[in-house]
Amino acid sequence: MSDTIRLSQARRGDRGVIIQVGGHCHHDEHALELERRLLELGFVEGARIELLHEGLVGGDPIAMKVDDMRVALRRHEAAGLVVRIDTALTTIAEPAADQVAA
């Protein structure tokens with residue numbers, strides 16, 4: 001089973017494939033520049049992605065593995081990427097220390 005979401009909505013342990021880079025809004029110079037930079041960093045359609053870490057304050061920034069590379073982005077930058085999350089591949093986050101039975 002899989003779900004299509006914006007990368008900014010992903011949570012730690014989510015794995016999937018990038019299916020769209022940018023919103024293809026050609027009248028917004030800022031959006032075009034961000035899309036270009038993401039492509040240069042390796043965020044291309046078909047790249048495998050795994051969310052490794054979320055920042056403590058508001059979950060920002062997020063660190064991820066893109067194919068064999070590790071990258072950190074702010075969530076508003078990650079919103080420009082659409083991913084297909086494969087729920088069969090998604091790992092379950094480890095329980096917090098206070099939830100582990102002694």
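Residues: numbered from 1 along the sequence shown. In this text the structure is predicted, and so the values were computed from the model without any measurement.
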Query raised in the report: Run the side-chain contact (heavy atoms from CB on, under 4.5 Å) check on Arg84 and Asp3 step by step: do they pass?
Result: CA-CA 5 Å; Arg84 183 178 305 115; Asp3 297 315; over 6 Å; no
Query raised in the report: How many angstroms lie between atom CD of Glu50 and atom CG of Asp14, to the nearest 0.5 angstrom?
Result: 9.5 Å
Requested in this report: Please round to the nearest 0.5 Å and tell me the distance separating atom CD1 of Ile62 and atom CZ of Arg74.
Outcome: 12.0 Å
Query raised in the report: Are any of the side-chain heavy atoms of Val83 and Ile5 separated by less than 4.5 Å?
Result: yes
Query raised in the report: If you measure from CG on Leu73 to CG on Leu34, what distance do you get to the nearest 0.5 Å?
Result: 8.5 Å
Report task. Could you walk me through whether Val17 and Asp86 pass side-chain contact (heavy atoms from CB on, under 4.5 Å), step by step? Result -> CA-CA 8 Å; Val17 175; Asp86 189 343; over 6 Å; no
Query raised in the report: Do the side chain of Arg15 and the main chain of Ile85 share a donor and acceptor less than 3.5 angstrom apart?
Result: no
Query raised in the report: So, Arg12 and Glu54, do they make that salt bridge, N to O below 4.0 Å?
Result: no
Query raised in the report: Does the pair Arg48/Asp67 count as a salt bridge with the N-to-O cut at 4.0 Å?
Result: yes
Query - pair Val44-Ile18: side-chain heavy atoms closer than 4.5 Å - result: no
Report task. Just do the side-chain contact (heavy atoms from CB on, under 4.5 Å) check on Phe43 and Met64 with the steps written out, would you? Result -> CA-CA 11 Å; Phe43 289 91; Met64 66 212 72; 3.6 Å; yes
Query raised in the report: Are Leu52 and Ile49 linked, directly or through other ILVMFWY residues, by side chains that come within less than 4.5 angstrom of each other?
Result: no
Query - Closest approach of Leu41 to Met69 (non-hydrogen atoms, all atoms of both residues) - result: O-CE, 2.6 Å
Query raised in the report: Between Glu40 and Arg37, is there a salt bridge with N-O shorter than 4.0 Å?
Result: no
Query - Within 6.0 angstrom of Arg11 CZ, more than 12 heavy atoms from elsewhere - result: yes
Query raised in the report: Is a side-chain donor or acceptor of Glu33 paired with a backbone partner of Glu35 at a separation under 3.5 angstrom?
Result: no
Report summary line: Separation between CG (Leu81) and CD (Gln9), nearest 0.5 Å, reads 12.0 Å
